[in-house]
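Notes to accompany the following structure.
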Amino acid sequence: MVKIALLGAAGQIGTPLSLLCKASDLFDQIALYDVVHVPGIATDLMHIDTRAAVTGHLPDGSGLRKALTGADIVVVTAGIARKPGMTRDERVLTSQTNASIIRDIFTEVAATCPKAVCCVVTNPVNSTVPVAAEALKKAGVFDPTRLFGVTTLDVVRASTFAAHALGDNIDPKGYKVPVIGGHSGATILPLYSQAQPAVDLDKDTLAIVIHRVQFGGDEIVKSKQGAGSATTCMAYAGFRFVKAIVASMNGETVTEEAYVYLPGIAGGQEIASQLGVDYFAVKVTLGQNGATQALPLGKILENESSLLEIAIKELKVNIATGLSFMSS
């Protein structure tokens, strides 16, 4: 029996993610939680001819606890999306609101399903994952091998945008591009020098592609004209990561990029010491009980090194923001 709890399931990421999970036939139970609409979404999904029983839970009474009880996997998409033209104060307020949501959710996770594998989608991931970790630490149940910031969308974009640049009829899935760092703007670093197969682009075109990977979210926010941010592509990427978690639980050895607390994962302390940050997105090997190893960064070229310095500098601020929120 595999149970997944999707928190924020009535949102623009959570709803398509719920559909992907129900359609997949990977789960026996799917628990949806949000502040509105989820009983209706659950009823709707139960008309699909796959085996998972879907339940919807609202904040009334012990709704969150009921959703989390017995969960093997928890995916959090709850929160406020950014909009175009936000002032700095509005961005800060959004971040604080999302940090509060993550703190409250993971306080309940600690009490209800501390052994679950937890996947944080709620932005800003660079800050919300440290918030989640601190909430779990406060309860004495933090296991770094079971907490992931989902950065899979950056990996998906890295192969997709390279294929776009290479020309028509190129299959994006034919390229594997490691993406390290964080999950916003300049903290995202696609390592095209390590792409398999090699991405044959000139220097200027490659710089444009890297910028698209880093700021692809802005492209969507602008295109939607205030109606939202990355939703369907994030649901797709989130589901890809969830599938990897399920495969690893079933005994397969899987490698995916994720934003993790490096010192708590085998091989991660060396990377953390090298970079000077504890939270960072790297390739991790997944096993039946979570992350088993953080893989080395590999050879990084000179132009990538300069981008890495920028990413680390910004990440330090983001991480400190999350830790400061929890300490206050």
Is there a donor-acceptor pair closer than 3.5 Å between any side-chain N or O of [X] and the backbone N or O of [Y]?
| X | Y | value |
| --- | --- | --- |
| T77 | G8 | yes |
| T160 | V156 | yes |
| S248 | T253 | no |
| N98 | I80 | yes |
| R51 | D25 | yes |
| S127 | N318 | yes |
| T15 | A9 | yes |
| S223 | E219 | no |

Return yes if a side-chain donor-acceptor contact under 3.5 Å exists between [X] and [Y], otherwise no.
| X | Y | result |
| --- | --- | --- |
| E108 | T112 | yes |
| S273 | Q269 | yes |
| T107 | D104 | no |
| T231 | K224 | yes |

[X] versus [Y]: any side-chain heavy-atom pair under 4.5 Å?
| X | Y | result |
| --- | --- | --- |
| S100 | F325 | yes |
| V209 | L201 | yes |
| D72 | I4 | no |
| V177 | F161 | no |
| C21 | L6 | yes |
| V120 | V150 | no |
| I48 | L19 | yes |
| V121 | V76 | no |

Could you see if [X] belongs to whatever hydrophobic cluster contains [Y]? Use Ile, Leu, Val, Met, Phe, Trp, Tyr and a side-chain cutoff under 4.5 Å.
| X | Y | result |
| --- | --- | --- |
| V221 | V213 | no |
| L64 | V75 | yes |
| V179 | I220 | no |
| I170 | V199 | yes |
| I41 | M234 | yes |

Qualifying residue for side chain to side chain contact (heavy atoms under 4.5 Å, CB included) with T285, from L295, I265, V254: L295
Give me the atom names and distance for the closest heavy-atom approach of [X] to [Y].
| X | Y | answer |
| --- | --- | --- |
| A31 | A67 | CB-O, 3.4 Å |
| V125 | G149 | CG1-CA, 3.9 Å |
| D200 | L166 | O-CD2, 3.6 Å |
| E257 | V155 | OE1-CG2, 3.7 Å |
| A71 | V74 | CB-CG2, 4.1 Å |
| A186 | I310 | CB-CG2, 3.9 Å |

Criterion side-chain contact (heavy atoms from CB on, under 4.5 Å) on V141 and K115, from CA distance to verdict: CA-CA 8 Å; V141 297; K115 296 295 185 182; over 6 Å; no
From CA spacing to verdict: side-chain contact (heavy atoms from CB on, under 4.5 Å), F148, L286: CA-CA 11 Å; F148 303 96; L286 302 173; 3.7 Å; yes
[atom1]/[X] to [atom2]/[Y] distance, rounded to the nearest 0.5 angstrom?
| X | Y | atom1 | atom2 | result |
| --- | --- | --- | --- | --- |
| R146 | I73 | CZ | CD1 | 11.0 Å |
| E134 | S324 | CD | OG | 11.0 Å |
| Y192 | N303 | OH | CG | 12.5 Å |
| L301 | Q194 | CG | CD | 8.0 Å |
| L68 | I105 | CG | CD1 | 8.0 Å |
| S229 | I13 | OG | CD1 | 6.0 Å |

With N126, the side chain to side chain donor-acceptor pair (under 3.5 Å) member among T187, T321, T151: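 Per the side chain to side chain donor-acceptor pair (under 3.5 Å) rule, the option paired with N126 is T187, out of T187, T321, T151.
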Among T50, D49, D44, the one residue meeting side chain to side chain donor-acceptor pair (under 3.5 Å) with K22: T50
Ion pair check, K3 and D28, cut-off under 4.0 Å: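 No, K3 and D28 are not salt-bridged.
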Ion pair check, E256 and K283, cut-off under 4.0 Å: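 Not counted as a salt bridge, because no side-chain N and carboxylate O are separated by less than 4.0 Å.
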Derivation of the side-chain contact (heavy atoms from CB on, under 4.5 Å) call for Y236 and T232: CA-CA 6 Å; Y236 168 86; T232 53; over 6 Å; no
Test: K66 cationic atom under 6.0 Å from Y33 six-membered ring centre, within 45° of axis: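 Not satisfied by the 6.0 Å and 45° rule.
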Evaluation steps, side-chain contact (heavy atoms from CB on, under 4.5 Å), between T55 and Q29: CA-CA 8 Å; T55 54; Q29 297 179 56; over 6 Å; no
Ring centers of F280, Y259 separated by less than 6.0 Å: no
